[in-house]
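Reading through the structure tokens given below for one structure.
The chain is numbered in sequence order, starting from 1. Everything numeric here is computed off the predicted structure, so don't read it as measured data.
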Amino acid sequence: MKAGKWIGGAVAVLMLWGCGDRVDEAGKGADPLDVPVSLLPTPGLLQFADEGLFVLPPKAGIAVAAGDEGAAKAAAFVATYAEKLVGITLTTGTEGAVRFVRRDGLGTEAYRLNVSGDGVTIEASTDAGLLYGGVSFLELLGHVPAPAGVQLKALTIEDSPRFGWRGLMLDEARHFRGKDFVKKLLDQMALLKLNTFHWHLVDDQGWRIEIKGYPKLTEVGAWRVPAGRAAAEDIDPATGKPRLYGGFYTQDEIREIVAYAAERAITIVPEIEVPGHATTPIAAYPELAVNDIPGVTAPTHAGSEWGVYTTLFNPYEPTFTFLEGVLTEIVDLFPGRYVHIGGDEAVKDQWKASPGVQAFIKEKGLTDEEALQGYFVERLDKWLSSHGRILIGWDEILEGGLSENATVMSWRGTEGGLEAASHGHDVVMSPSPTLYFDFLATERADEQPGRPIAQSLKTVYEFEPVPAELAADKRHHILGAQANVWSEHMRTDDRVETAIFPRIAALAEMAWTEEGKRDFAAFLPRLVDQLGRWQAMGVRVSDTGFAPAFAADRSGDRVSVTVTNQLGYGDIRYTLDGSAPTLASPKVTAPLDLPLEGVLRAATFAGSVQIAAPRDFGLDIASLRTRMGGDLKHCDNALRLRLEDDGPLGGVRVPLNIDIMKPCWLYEDADMEGVTRIRVSVSELPFNFELASGIAAVEVMPEETPGGELIVTAPGCGGDRIATLPLAPITGETGVAAIEADIAPQGEMETLCFRFTRPGFDPLWAIHKVELIAN
């Protein structure tokens, strides 16, 4: 009998890694370092010398020319991380074993690195090139403490990037992180030679930047009451009202972070949303709203729901006075060339319904509401151009007619980028879902909250930013690639980090390295070295791509278990006695034939390095008949999300898979032999989703009794009802609660269908776990 396929365990952070090449205490060198394994991204040219070694002692100097401030900052960055990674102390001066040298004629971000018997020389024309050469030098050092120094083989690297835009976007409008988190992320970007930090500071759920001319933007817009019962019951004793959630950056903090990024060759691109995603500025300044629609009032606070709001700026002159006033402070704070104005998901319902806006469209000779958005873009483009800046926006800005100087960020696939580049506009490729790190890396049940439909490490690595259909004479308009980290479902800092890492390494190599030189199989062992560096620096990294996954088939009193992982990389080793797998444990080479008892524990190794924490798989009948919600199938795939329970504001919450448009689950291949009862752990969630007109498509089954029930049918959703589990006994509880009921006898194998009844959209119920119970 089939027991089904699922994955056990919890998401793990990689914290166990191997070592690099170092000199032992007696001064004898280990085998020469295998340099190609260490470097990431792949360098353009790497040549070994026929012979020669250099031993970097535990204390050494970095030589920079007197008065070369850029070289001095690169040297300071290298010294900081040499200390963190291997414990070597490097002191900047005019002499040293490591030399930073200006050399005319190299590209904007190019560098040349040479290791010879008398030291290390890093040459570049620019500050960025010196920094990147220094980063490659750090990679050569490894990541294991080296009290007697590090031995380097003589070599030469000549390197420069394929694309000039190698970016990462962080959304802080939904969850505010703070400057320490941002600085840590900027350091890691620099260490992977990424050069653009797109900072999403404004959205319906929060305004995160101080604007002195408009103080209510942060007084009102930076704070909200989170959705859910737990938040509503968290009363602030000072006000007697629910505690507000949020935060913002002062202008002094912004300047500090901008300077910090610049020292790491990173340009920050701020984003201010226009004309949609405007709830927070309109809550602060209601005169910006479309306010002549009967029954529609301006919002009074930041939104606490996810999704697409219909709130838009009005198009009148005071609104542009406001926007230009905000942008005046933005361009003063951010010296980079680009300012992002959003432009996405601007649902035009308010403009269509407003007599005043319709009159404005007619007065300006515009054809429709899309042309009105184009009017916004054109005005802001002219203003930014007059202040020496370039407007960039999401690809919806194409729909209203694009200003000549505007740059497009293609997020709805690559089609918008192809269209824009074909018409001579610069483009950054940032397509959903491929480069959206809020999409889960795997479909495992132990992944963190986010969007399902996995975007794996390999998916990111193999993305090609230049569409094959783009004419050769237009390809230079593809500036590069960027990954986006939308944070609706990333409540904690560790969730942001594990969503980014390790996929950021695949992004970095994809954006730096020529397409023909990329090789995913060769990338993976170099990534193992990078994992060690991340551990040494305290970076939290998801291991789910390497983690063991289990599929089981039961026959009588035996079970056959197949153990694999998503990336097909590494050796999976296992134990049956409850101990943690080690290099001495047996390796999985074929399906395991095991008795129906105990626990199978498995972990993944690459050589001597453990690259995934142990996962457990129960071998008893009860475990084989238990499915986590993440292992159930959805009846549809309209809008799948992995949410979390509405538990305590702090601490751990349970992940919950649900299709919010059609909350319906399938337990396929259920072993029903002897099953007489069913227990389901469920959670009541707030329906905190703005779906605009899409709300009409949400499926709601009317409740049969007060509070509703969970209905179980078989075979499938068109079958007979076999169990009814009332929800009234647990309605109003936070977190996860179990309900159970008798179940009608079934055949040996069935597909069970689970659907909730409810009085309306709210509340939303989700399944955490299903247990089938036999006598």
Problem set entry | cation_pi(Arg264, Tyr260) dist<6.0 Å, angle<=45 | yes

Exercise. Do Met409 and His198 touch side chain to side chain, with heavy atoms closer than 4.5 Å?
Worked result: yes

Seminar exercise, completed: Paired with His277, the side-chain hydrogen bond (donor to acceptor under 3.5 Å, both in side chains) test is passed by just one of Glu271, Gln205, Glu345, namely Glu345

For this session: Provide the closest heavy-atom pair for Ile235 versus Pro242 in the form atom of the first, atom of the second, distance.
Result: CD1-N, 3.9 Å

Exercise. Under 3.5 Å, is there a donor-acceptor pair between the side chain of Arg224 and the main chain of Gly206?
Worked result: no

Problem set entry | Row check, Phe320 ring normal vs Arg379 NZ/CZ: under 6.0 Å, within 45° | yes

Exercise. Between Lys352 and Asp368, is there a salt bridge with N-O shorter than 4.0 Å?
Worked result: no

For this session: Run the salt-bridge test on Glu644 and Arg495 with the 4.0 Å N-O cut-off and return the result as yes or no.
Result: yes

For this session: Report yes if some heavy atom in the side chain of Val496 is under 4.5 Å from a heavy atom in the side chain of Phe181; otherwise report no.
Result: yes

Problem set entry | Minimum heavy-atom distance between Met661 and Ala638, given as atom pair plus value | CB-CB, 3.7 Å

Exercise. Should the pair Arg540-Asp494 be classified as a salt bridge under the 4.0 Å nitrogen-to-oxygen rule?
Worked result: no

Seminar exercise, completed: Shortest non-hydrogen pair, Ile658 vs Ala766, comes out as CD1-CB, 4.1 Å

Exercise. Can you check whether His200 and Trp394 have ring centres sitting under 6.0 Å from each other?
Worked result: no

Exercise. Does Glu109 come within less than 4.0 Å of Lys193, counting only side-chain N to carboxylate O?
Worked result: no

Exercise. Between CD1 of Ile211 and NZ of Lys216, what distance do you get to the nearest 0.5 Å?
Worked result: 16.0 Å

Problem set entry | Gln482 side chain to Thr196 side chain, donor-acceptor N/O pair below 3.5 angstrom | no

Exercise. Salt bridge or not for Glu256 and Lys179, using N-O below 4.0 Å?
Worked result: yes

Exercise. Above 12 or not: heavy atoms from other molecules or residues under 6.0 Å from NE2 of His423?
Worked result: no

Problem set entry | Value rounded to 0.5 Å, distance of CG in Leu168 from CD1 in Ile500 | 5.0 Å

Problem set entry | Side-chain heavy atoms of Gln350 within contact of Val296, under 4.5 Å | yes

Problem set entry | Gap between atom OG1 of Thr498 and atom CG of Asp493 - 0.5 Å precision | 10.5 Å

Problem set entry | Heavy-atom closest pair, residues Pro315 and Tyr375 | O-CE2, 4.5 Å

Exercise. Has Lys474 got more than 12 heavy atoms of other residues, nucleotides or ligands less than 6.0 Å from its NZ?
Worked result: yes

Problem set entry | Worked verdict on Asp171 versus Arg208 for salt bridge (charged side-chain N to carboxylate O under 4.0 Å, His left out) | CA-CA 10 Å; Asp171 163 28; Arg208 305 293 178 213; over 6 Å; no

Extract all donor-acceptor atom pairs below 3.5 Å that involve side chains of residues 322-330 and protein atoms in other chains or at least two apart in sequence.
| unit_1 | atom_1 | unit_2 | atom_2 | d |
| --- | --- | --- | --- | --- |
| Thr328 | OG1 | Glu324 | O | 2.7 |
| Glu329 | OE1 | Lys212 | N | 2.8 |
| Glu329 | OE1 | Gln251 | NE2 | 2.6 |
| Glu329 | OE2 | Lys212 | N | 3.4 |
| Glu329 | OE2 | Gly213 | N | 2.8 |

Exercise. Is the side chain of His634 donor-acceptor paired with the backbone N or O of Asp636 at a distance under 3.5 Å, no angle test?
Worked result: no

For this session: Run the salt-bridge test on Arg412 and Glu399 with the 4.0 Å N-O cut-off and return the result as yes or no.
Result: yes

For this session: With side chain to side chain contact (heavy atoms under 4.5 Å, CB included) as the test, would you mind laying out the steps for His425 and Leu402 before giving the verdict?
Result: CA-CA 9 Å; His425 292 280; Leu402 193 57; 3.6 Å; yes

For this session: Tell me whether the centres of the aromatic rings in Tyr285 and Trp207 are closer together than 6.0 Å.
Result: no

Exercise. Among Asn314, Asp292, Asn291, which one satisfies side-chain hydrogen bond (donor to acceptor under 3.5 Å, both in side chains) with Ser354?
Worked result: Asp292

Problem set entry | Heavy atoms of other groups near Glu363 CD, more than 12 under 6.0 Å | yes

For this session: From the options Phe761, Trp306, Trp765, select the one residue that forms a ring pair (Phe, Tyr, Trp, His ring centres under 6.0 Å) with Phe687.
Result: Phe761

For this session: Salt-bridge test for Asp645 and Arg653: reply yes if a basic N is under 4.0 Å from a carboxylate O, no otherwise.
Result: no

Exercise. Between Asp204 and Thr279, is any side-chain donor less than 3.5 angstrom from a side-chain acceptor?
Worked result: yes

Exercise. With a 4.5 Å limit on heavy-atom distance, are the side chains of Thr267 and Tyr338 in contact?
Worked result: no

Exercise. How long is the gap from CD on Glu684 to CD on Glu733, to the nearest 0.5 Å?
Worked result: 9.0 Å

Problem set entry | Sub-4.5 Å side-chain heavy-atom contact between Gln373 and Trp351 | yes

Exercise. What about Phe176 and Tyr245, are their ring centers closer than 6.0 Å?
Worked result: no

Problem set entry | Full working for side chain to side chain contact (heavy atoms under 4.5 Å, CB included) between Asp426 and His477 | CA-CA 4 Å; Asp426 287 344; His477 285 297; 2.8 Å; yes

Exercise. To the nearest 0.5 Å, what is the distance between CG (Leu366) and CD1 (Ile361)?
Worked result: 6.5 Å

Seminar exercise, completed: CD (Glu497) and CZ (Arg177) are apart, to the nearest 0.5 Å, by 10.0 Å

Problem set entry | Side chain to side chain, Ile341 and Ile397, heavy atoms closer than 4.5 Å | yes

Exercise. Side-chain contact, heavy-atom cut-off 4.5 Å: Arg174 with Asp438?
Worked result: no

For this session: Begin with the C-alpha distance, continue with both residues' side-chain angles, and end with the deciding distance and a verdict on side chain to side chain contact (heavy atoms under 4.5 Å, CB included) for Trp486 and Arg451.
Result: CA-CA 10 Å; Trp486 299 104; Arg451 293 179 179 270; over 6 Å; no

Exercise. Can you find a heavy atom in the side chain of Val331 that is under 4.5 Å from one in the side chain of Leu384?
Worked result: yes

Problem set entry | Leu244 vs Val225, side chain to side chain contact (heavy atoms under 4.5 Å, CB included): CA-CA, chis, key distance, verdict | CA-CA 5 Å; Leu244 296 178; Val225 177; 3.6 Å; yes

For this session: Might you point out which heavy atoms bring Val408 and Ala420 nearest each other, and give the distance in Å?
Result: CG2-CB, 3.8 Å

Exercise. For the residue pair Arg243 and Pro226, what are the closest heavy atoms and their distance?
Worked result: O-CD, 4.1 Å

